[in-house]
Student: 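The structure under discussion is supplied below as structure tokens; questions concerning it will follow.
The basis for the numbers below is simple: all heavy atoms, side chains too, and nothing from hydrogens, waters or symmetry mates. The model shown is predicted, which means the values in this text are computed figures rather than measured ones.
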Amino acid sequence: MTSILFIVFLPLLAAAIAGLGNKAIGFAPAKLITTGALFISCALSWPIFLGFLAGTSTAHVVPVFEWIASGDMTVAWSLRVDQLTAVMLVVITSVSALVHLYSWGYMSEDPDQPRFFAYLCLFTFAMLMLVTADTLVQMFFGWEGVGLASYLLIGFWFRKPSANAAAIKAFVVNRVGDLGFMLGIFGTFLVFGTVSIPAILAAAPTMAGSTIGFLGMRLDTMTVLCLLLFVGAMGKSAQLGLHTWLPDAMEGPTPVSALIHAATMVTAGVFMVCRLSPMFEMSPTALHVVTTVGAATCLFAATVGLVQTDIKRVIAYSTCSQLGYMFFAAGVGAYGAAMFHLFTHAFFKALLFLGAGSVIHAMHHEQDMRYYGGLRKSIPLTFWAMMMGTLAITGVGIPGILGLPQIGFAGFHSKDAIIETAWAAGQPGVWFVGVAVAAITSFYSWRLMFLTFWGTPRWAASEHIQHAVHDAHGHGHDDHAHAHGHDAHHPDEAHGNPAKAEDSGDHPSEHGPAQQDLPAGTGGYHPHESPPPMLIPLVLLSIGAIAAGFVFHGYFIEPTSGETFWKGDIAFREHLMHAMHGVPVMIKLSATIAMLLGLVTAWYAYIANPGFPVAVASQFRILYRFLLNKYYFDELYHLIFVRPAFALGRWLWHRGDEKTINRFGPDGAAWVAQLSSRVAGRFQTGYVYTYAFVMLIGLTAAVTWAITK
């Protein structure tokens, strides 16, 4: 019972010590305190998870204190520990602990390390509060906490205008989603009279078929509540429409990307839907919306990832796409499969992000893959780590057919299960999207590998590499790293103006490795492998990317063992899991065939015939630019929302603030005081007869008032 208190509150204590002590306690103590706290939390989390797997642990609630008592609403601050919480505990603490360790090497040159590690711990605490919540209000506290921490971490390099813009964008977009989440919580309390999650889920079936007034209409109660709650999930998990903040969030340091935008915060929406799955089961309409939005996001993000050249943005859009997989799995009723993919995705996506950070570290802050090439011999450990992550995300494995054992990397077990359940649930359209995205995922993942680690070096054309070579010859010091850290972007990435940010593809060579206009060669630069604190997390996450799917798939998605593990903690459809295992052979093979198709196409385009991407981009220039500019969502939102908001703000500023409030308020009062002082000053002549005259006037006025009264 006490272990959960240590797991949750140790990161908060460490964040307070490192944040308040800051440079006064020194870099090393701050890093030791925060990293040690996370490793302790991680060490305490795994026995809880393994206990639930073995059936020796039972769900329980640990009360902390009474929080709110207002009328009919009472909210106790309690920590709920059950199967779903246990899964999230190991995901959050394991990835966070390894990110802390990785940051020892990655952020070693940053002058604000205590602040960075304090922010990491604060985020981890907020996420732990979210997943241990026993009430919707407590969940909302953690929900907003991770939003605040993500704002601080994305904008950590606050001297970079693009980082500040990205942090504000993430904060504002998430506020849109959070409005829906708040309305969902208000409506749930209105309907059920409580914010206790167990009480709400127990009473949810009694509301089936009832209606509620909303926007002047009578609508199905559970549909309204679930859709409002899902709006919150869309914002936090970057689903289509509220996704625009996620790619820009790559402005934060790479460890931030691995922690927040790969393994934890962005999965909060999936966790919330699965936690409230008995509510969603009462509304087929809400489930259909979840399925549609998830499938659309899955396809959208994958297609945009095809043409990105920034290594972190490719992985960011991959994250968005994989979240779509999780949501459409939940939408078809496969909540166990959704949580399974969340679990495996945490390992291989954190591995890919941290591997990308190692590449950026080796390439002197260069993030554009067009300036990579031939790195597998220079940074072999990073290469093999990213190879494990790529094999996992593309779903490499042996399907369980013809008596063969089903064995493969992590993503093979979880992603294939989602695709098969879509077919088993009678959703052939969603199944087709899943298979198509599997092929696209394989293509852009291997494209990243081929551009980065194969081919001839193209380092000489990089401005960052030129700076590195220049400094190596003793011509000065590069202040770039101190100002921006390892994740500096090119000057032409004008994130403040979306019309300029991605519209750089005027010539098709932007598309891929056939950079015939870019000079080849190393330019005298020699990439170096990352230090041990960065490599150790890569090795450990590689183990998760290899084995997490094979070891744990039975507990998450097997009909009998899955039902035993979840124990009603989520709406586990045992019949759907049985149907998943009974799909036709071609359905089982579809994801593997799609993966091989993507691999072969990427090999042909980037190894066998490097001129092919240029030819394709030239042939389909309009489509290429459409994808490069991310379907023009940023430009559309800028036109519809940003410009009118700024115009309204300027009008209120000039007309309301300056010409109304200030004119008749502070400025007017100041003018009256100034005028009065000038008038009064005229009587201050210094002559006795003037003062006597004024006194006479005053005396006359007083006598007159007394007589007339």
Student: Roughly how far, to the nearest 0.5 Å, is OG of S318 from CG of L352?
Tutor: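 The distance works out to 7.0 Å.
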Student: Within the distance-only criterion (no hydrogens, no angle test), does the side chain of T441 pair as donor or acceptor with the backbone N or O of T394 below 3.5 angstrom?
Tutor: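 Checked: no pair found.
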Student: For the rings on F140 and W143, is their centre-to-centre separation under 6.0 Å?
Tutor: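 They do not qualify: ring centres at least 6.0 Å apart.
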Student: Mind telling me whether H345 and F348 have parallel, tilted or perpendicular rings, with 30° and 60° as the class edges?
Tutor: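 Ring orientation, 0 to 90° scale: perpendicular.
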Student: Answer yes or no: is there an ion pair linking R175 with E144, defined by an N-O contact shorter than 4.0 Å?
Tutor: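 E144 and R175: salt-bridged.
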Student: Look at the rings of F300 and Y631 and say which category their plane angle falls in: under 30° parallel, 30 to 60° tilted, over 60° perpendicular.
Tutor: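 F300 vs Y631 ring planes: perpendicular.
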Student: Quick one: does S277's side chain have a donor or acceptor within less than 3.5 Å of a partner on I570's backbone?
Tutor: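 Not confirmed, S277 side chain does not pair with I570 backbone.
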Student: What is the distance from atom CD1 of I4 to atom CZ of F9, rounded to the nearest 0.5 Å?
Tutor: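 So the CD1 of I4 and the CZ of F9 are separated by 9.5 Å.
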Student: For residues P205 and A202, report the shortest heavy-atom separation together with the two atoms involved.
Tutor: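 Shortest heavy-atom separation between P205 and A202 comes out as CD-O, 3.5 Å.
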Student: Using the rule given for side chain to side chain contact (heavy atoms under 4.5 Å, CB included), can you reason through Q83 versus T58, listing the C-alpha separation, both sets of side-chain angles and the distance that settles it, and then say yes or no?
Tutor: CA-CA 8 Å; Q83 292 85 342; T58 56; over 6 Å; no
Student: For a quick check under 3.5 Å, do K169 and T244 share a side-chain donor-acceptor pair by atom type?
Tutor: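 On atom types as modelled, these side chains do not qualify, holding no pair under 3.5 Å.
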Student: Would you indicate whether the side-chain heavy atoms of F343 and V90 approach each other to under 4.5 Å?
Tutor: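 Counting from C-beta outward, V90 and F343 do come under 4.5 Å.
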Student: Is the side chain of S150 donor-acceptor paired with the backbone N or O of G147 at a distance under 3.5 Å, no angle test?
Tutor: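 Yes, because the side chain of S150 sits within donor-acceptor range (under 3.5 Å) of the backbone of G147.
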Student: Taking the inter-plane angle between the rings of F565 and F49 on a 0 to 90° scale, is it parallel (under 30°), tilted (30 to 60°) or perpendicular (over 60°)?
Tutor: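 Rings of F565 and F49: perpendicular, over 60°.
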Student: Once you round to the nearest 0.5 Å, how far does CE of M580 lie from CD1 of I418?
Tutor: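 Result: 10.5 Å between the selected atoms.
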Student: Do R80 and T85 get their side chains close enough for a donor-acceptor pair, meaning under 3.5 Å?
Tutor: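 R80 vs T85: no donor-acceptor pair found between side chains.
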Student: Looking at M127 and V146, what are the two nearest heavy atoms and their distance?
Tutor: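 In terms of heavy atoms, the two residues are closest at N-CG1, 3.5 Å.
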Student: Is the W566 to Y335 ring centre distance short of 6.0 Å?
Tutor: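 No - the distance between ring centres of W566 and Y335 does not fall below the 6.0 Å cut-off.
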Student: Looking at T221 and S210, would you say the former's side chain and the latter's main chain have a donor-acceptor pair under 3.5 Å?
Tutor: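 Side chain of T221 to backbone of S210, a donor-acceptor pair under 3.5 Å: yes, one is there.
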Student: Would you say the side-chain atoms of H243 pair up with the backbone N or O of G241, donor to acceptor, closer than 3.5 Å?
Tutor: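 Indeed, once roles are kept as given, a pair shorter than 3.5 Å links the two residues.
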Student: Any side-chain to backbone donor/acceptor pair from D178 onto F181? Under 3.5 Å, distance only.
Tutor: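 A pair under 3.5 Å: no.
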Student: Taking OH in Y151 as the centre, count heavy atoms belonging to other residues, nucleotides or ligands within less than 6.0 Å. Is the count above 12?
Tutor: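 No, OH of Y151 has 12 or fewer neighbouring heavy atoms, counting only those of other groups under 6.0 Å.
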Student: Is the shortest heavy-atom distance from the side chain of T267 to the side chain of M88 under 4.5 Å?
Tutor: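 Of all side-chain heavy-atom pairs linking M88 with T267, at least one is under 4.5 Å.
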Student: Do F327 and V293 touch side chain to side chain, with heavy atoms closer than 4.5 Å?
Tutor: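 No, too far: nothing below the 4.5 Å cut-off.
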Student: Passes side chain to side chain contact (heavy atoms under 4.5 Å, CB included), V191 versus M207? Steps please.
Tutor: CA-CA 9 Å; V191 171; M207 292 296 164; 3.7 Å; yes
Student: Is the shortest heavy-atom distance from the side chain of M595 to the side chain of T592 under 4.5 Å?
Tutor: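 Answer yes - side chains close enough.
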Student: Just checking F328 against Y325, ring centres under 6.0 Å apart?
Tutor: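 For F328 and Y325, the ring centres are under 6.0 Å apart.
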Student: Any donor-acceptor pair under 3.5 Å linking the side chain of S321 with the backbone of Y317?
Tutor: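 Side chain of S321 to backbone of Y317, a donor-acceptor pair under 3.5 Å: no, none is there.
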Student: Is atom NE2 of H288 surrounded by more than 12 heavy atoms (other residues, nucleotides or ligands) closer than 6.0 Å?
Tutor: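 No, because the 6.0 Å sphere around NE2 of H288 holds 12 heavy atoms or fewer from other groups.
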Student: Can you measure from CG (L246) to CG (N174) and round to the nearest 0.5 angstrom?
Tutor: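 Rounded to the nearest 0.5 Å, the CG-CG separation comes to 10.0 Å.
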Student: Do L136 and L276 have side-chain heavy atoms sitting under 4.5 Å apart?
Tutor: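 When only atoms from C-beta onward are counted, L276 and L136 do touch, with a gap below 4.5 Å.
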Student: Once you round to the nearest 0.5 Å, how far does CH2 of W245 lie from NZ of K236?
Tutor: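 Answer for the CH2-NZ pair, W245 versus K236, is 7.5 Å.
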Student: Apply side chain to side chain contact (heavy atoms under 4.5 Å, CB included) to E558 and M577, showing your working.
Tutor: CA-CA 6 Å; E558 290 295 331; M577 295 298 102; over 6 Å; no
Student: Checking the side chain of T132 only, and the main-chain atoms of L79 only, is there a donor and an acceptor separated by less than 3.5 Å?
Tutor: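 Absent.
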Student: Keeping Q239 on the side-chain end and S237 on the backbone end, is there a donor-acceptor pair under 3.5 Å?
Tutor: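 Between the backbone of S237 and the side chain of Q239 there is a qualifying donor-acceptor contact (under 3.5 Å).
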Student: Give a yes or no on whether F6 atom CZ has more than 12 heavy-atom contacts from other residues, nucleotides or ligands under 6.0 Å away.
Tutor: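 No - once you tally the heavy atoms of other residues, nucleotides and ligands closer than 6.0 Å, there are 12 at most.
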Student: Compare all side-chain heavy atoms of S590 with those of W431 and state whether any distance is below 4.5 angstrom.
Tutor: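 They are in contact (side-chain heavy atoms under 4.5 Å apart), so the answer is yes.
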Student: Once rounded to the nearest 0.5 Å, what's the spacing between atom CG of L128 and atom OG1 of T93?
Tutor: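 That separation rounds to 7.0 Å.
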Student: Of all heavy-atom pairs between S3 and I48, which one has the smallest distance, and what is that distance?
Tutor: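 The answer is OG-CD1, 3.9 Å.
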Student: Are F280 and F230 close enough that their ring centers fall under 6.0 Å?
Tutor: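 Between F230 and F280, which both carry aromatic rings, the centre distance is not below 6.0 Å.
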Student: Can you establish whether the number of heavy atoms outside Y637 located under 6.0 Å from its atom OH is more than 12?
Tutor: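 Result for OH/Y637: enclosed.
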Student: Looking at side-chain heavy atoms only, is the closest gap between L228 and F186 below 4.5 Å?
Tutor: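 Heavy-atom side-chain distance check fails, nothing below 4.5 Å.
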Student: Looking at F432, I'd like to know if its CZ atom is crowded, meaning that more than 12 non-hydrogen atoms belonging to other residues, nucleotides or ligands lie closer than 6.0 Å.
Tutor: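 Count not over threshold, so no.
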Student: Under the criterion side chain to side chain contact (heavy atoms under 4.5 Å, CB included), I'd like the reasoning laid out for F353 against M250: C-alpha separation, chi angles, the key distance, then a yes or no.
Tutor: CA-CA 10 Å; F353 263 118; M250 299 303 105; 3.5 Å; yes
Student: Contact between I593 and V435 at the side-chain level, heavy atoms closer than 4.5 Å - yes or no?
Tutor: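 No - every pair of side-chain heavy atoms lies 4.5 Å or more apart.
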Student: Identify the residue among R218, M222, M217 that makes a side chain to side chain contact (heavy atoms under 4.5 Å, CB included) with T211.
Tutor: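 With T211 as partner, R218, M222, M217 yield a single side chain to side chain contact (heavy atoms under 4.5 Å, CB included), made by R218.
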Student: Hey, is the main chain of A286 close enough, under 3.5 Å, to the side chain of T223 for a donor-acceptor pair?
Tutor: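 No, because the side chain of T223 does not come within donor-acceptor range (under 3.5 Å) of the backbone of A286.
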Student: Write down the atom of I154, the atom of V256, and the distance for their closest heavy-atom approach.
Tutor: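 Nearest heavy atoms, I154 then V256: N-CG1, 4.5 Å.
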